[in-house]
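Because the structure is predicted, anything quoted here is derived from the model rather than measured. Residue indices begin at 1 and follow the sequence shown. We use all heavy atoms of the structure for the numbers below, so side chains are in, but hydrogens, waters and symmetry mates are not.
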Amino acid sequence: MSNTNTHTKVLIIGSGPAGYTAAIYAARANLNPILVTGYEPGGQLMITTEVENYPGFAEKIEGPWLVDQMRAQAENVGTEMISDYIVDVDTTQRPFKATGQSGEVYTGDTLIIATGAKARWLGIESEQTFQGRGVSACATCDGFFFKNQEVAIVGGGNSAVEEALFLTNFCSKVTLIHRRDSLRAEKIMQDRLFASDKVSVIWDHEVDEILGDDTGVTGLRLKSTKDDSTQNIDVQGFFVAIGHDPATELFKGKLDMDESGYLITAADSTKTSIDGIYGAGDVADHTYRQAITAAGMGCMAALEAEKHLSSKA
Ligand code: FAD
Ligand code: NAP
């Protein structure tokens, strides 16, 4: 790829619901946005199955279909989509500068950060050892490989419960392991989980070690969070669904963040600590982290960018 600058009034980093929605609004305001997609075009919804809570659809829809519609809509109204991954950002000068993995440099009079969040891992060594050989952070992607096998999943949020239920489509038994004695998943999700005869829950335990051999995962050693006692369970697959970390590495020391790394934005706004830079979606949302809230924040960011640009015109 050539090393020429690519300039726009609105540069958007990230192609989840936040980025696509920002692009739709910016394009319809004639701001000719450029959107850099990153390694995961479509974002987190690409790894989910049914979406039941995005308004506008009376029947269940598939996550990948939903974001594909968003992408097409953003393109149809005039967004330039660029397949690249931003590796460096200069927020000290204007226009703001973002360098892609390709070597291309993109400049924007305003910058909308919609880089979302990434799967969190437990951080135990055996997790790395068996990654791709029985350990996964994406049941939707890898569940099929464990057809008629016994698997376990760790976590107590919506992701863990949704993925546990998804795994019941393939697996003979699904054990959900949670470190406390109650789930934080929505009540309706919990009801479905407890109603499944393929699911059992082990409360008050953490995964201490993933056990395995040359064939891959064979079991887990679990440790009680109450009394340090341990127990082993036999499984062939292990899924990690303990949440996500905001993708803000690029902006460390450049933009204000909270203690968990989420971008700090002004109240009722997507404005970050630098005028003209906006944070939208999961990257700036510790609380809700939903497709609809991400899309809403994308809309807000584009409207705020537009207002900023007209105030400078
Ligand atoms: P993301 O969707 O995380 O997208 C981030 C984008 O940024 C990606 O395209 C990535 O490629 C890009 N990116 C990151 N770093 C860079 C970089 N350096 N350069 C360029 N691009 C970059 N929500 C619901 O409302 N309903 C559901 O049913 C639902 N199901 C879910 C199921 C699962 C398994 C998960 C994990 C989440 C689910 N959610 C659901 C939450 C929802 O997916 C997220 O809230 C939403 O996707 C956040 O959108 P986003 O645009 O902020 O970021
Ligand atoms: P989450 O809500 O942050 O839940 C993470 C879970 O993992 C918590 O139960 C937490 O335990 C546990 N956990 C964290 N670190 C752990 C560790 N080191 N060891 C063991 N357990 C650990 O994350 P999420 O479930 O991925 O959901 C993220 C967002 O996406 C949420 O806003 C959620 O509502 C949304 N989402 C929505 C849907 C849907 O609407 N259908 C589906 C999926 C996700 P504690 O409970 O003890 O903290």
Given Leu222 and Asn232, is the side-chain contact (heavy atoms from CB on, under 4.5 Å) satisfied, shown in steps? CA-CA 6 Å; Leu222 307 180; Asn232 288 2; over 6 Å; no
Could you walk me through whether Val199 and Phe194 pass side-chain contact (heavy atoms from CB on, under 4.5 Å), step by step? CA-CA 7 Å; Val199 176; Phe194 299 140; over 6 Å; no
When you look at His178 and Leu176, which way does the side-chain contact (heavy atoms from CB on, under 4.5 Å) test go after all the steps? CA-CA 7 Å; His178 187 41; Leu176 186 134; 4.2 Å; yes
Do Ile274 and Phe96 pass the side-chain contact (heavy atoms from CB on, under 4.5 Å) test, and can you show the C-alpha distance, the side-chain angles, and the key distance before you say yes or no? CA-CA 11 Å; Ile274 296 182; Phe96 303 114; 4.0 Å; yes
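How far CG of Leu220 is from CZ of Phe238: 5.5 Å, rounded to the nearest 0.5 Å. Atom CD of Gln73 sits about 9.5 Å away from atom OG1 of Thr79, to the nearest 0.5 Å. If you take OG1 on Thr272 and CG on Asp256, they are separated by 8.0 Å, rounding to the nearest 0.5 Å. Atom OG of Ser200 sits about 7.5 Å away from atom CD1 of Ile233, to the nearest 0.5 Å. Interatomic distance, Met257 CE to Leu255 CG, rounded to the nearest 0.5 Å: 6.0 Å. In this structure, CD1 on Ile13 lies 5.0 Å from CD1 on Ile86, to the nearest 0.5 angstrom.
Looking only at distances, a side-chain donor or acceptor of Asn76 sits under 3.5 Å from a matching main-chain atom of Ala72. Under the 3.5 Å distance criterion, the side-chain polar atoms of Thr110 are matched with a main-chain donor or acceptor of Lys9. Asp142 contributes no side-chain N or O that, together with a main-chain N or O of Ala139, makes up a donor-acceptor pair within less than 3.5 Å. A donor-acceptor contact shorter than 3.5 Å is absent between the side chain of His308 and the backbone of Glu306. Checking side-chain atoms of Thr37 against main-chain N and O of Ser15 turns up no donor-acceptor pair under 3.5 Å. The backbone N or O of Leu165 sits less than 3.5 Å from a side-chain atom of Thr168, completing a donor-acceptor pair. Remark: side-chain polar atoms of Ser196 are not paired, donor with acceptor, to backbone N or O of Leu193 under 3.5 angstrom. Not one N or O on the side chain of Ser136 forms a donor-acceptor pair closer than 3.5 Å with the backbone of Gly143. One N or O on the side chain of Thr129 and one on the backbone of Glu125 form a donor-acceptor pair closer than 3.5 Å.
Val77 and Met81 end up in different hydrophobic clusters when Ile, Leu, Val, Met, Phe, Trp and Tyr side chains are linked at under 4.5 Å. Under the 4.5 Å side-chain heavy-atom criterion for grouping Ile, Leu, Val, Met, Phe, Trp and Tyr, Ile24 is not connected to Ile12 through any hydrophobic cluster.
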Would you give me the side-chain donor-acceptor pairs under 3.5 Å for residues 149-162, sequence neighbours excluded?
unit_1 : atom_1 : unit_2 : atom_2 : d
Asn158 : OD1    : Glu186 : N      : 2.9
Asn158 : ND2    : Glu186 : OE2    : 3.0
Glu162 : OE1    : Thr48  : OG1    : 3.1

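Side-chain contact between Thr293 and Asp285 is present, with at least one heavy-atom pair separated by less than 4.5 Å. Using a 4.5 Å heavy-atom threshold, the side chains of His286 and Ser260 count as touching. Two residues are said to be in side-chain contact when any heavy atoms from C-beta on lie closer than 4.5 Å; Leu11 and Leu35 fail this criterion. With contacts defined as side-chain heavy-atom distances shorter than 4.5 Å, the pair Leu111/Val89 qualifies.
If you check the side chains of Glu304 and Thr270, you find a donor sitting under 3.5 Å from an acceptor. At a cut-off of 3.5 Å, with distance as the only test, a side-chain donor of Ser102 or Asp84 sits close to an acceptor on the other residue. Side-chain atoms of Asp282 and Gln44 form a donor-acceptor pair, as typed in the model, at a separation below 3.5 Å.
When each of Lys252, Lys254, Lys97 is checked for a salt bridge (Lys or Arg N to Asp or Glu O under 4.0 Å) with Asp88, only Lys254 meets the rule.
Between Tyr85 and Tyr39, the ring-plane angle classifies as parallel under the 30° and 60° cut-offs.
Judged as a ring-ring contact (aromatic ring centres under 6.0 Å, His included), and not counting sequence neighbours, the contacts of Phe144 are Phe170.
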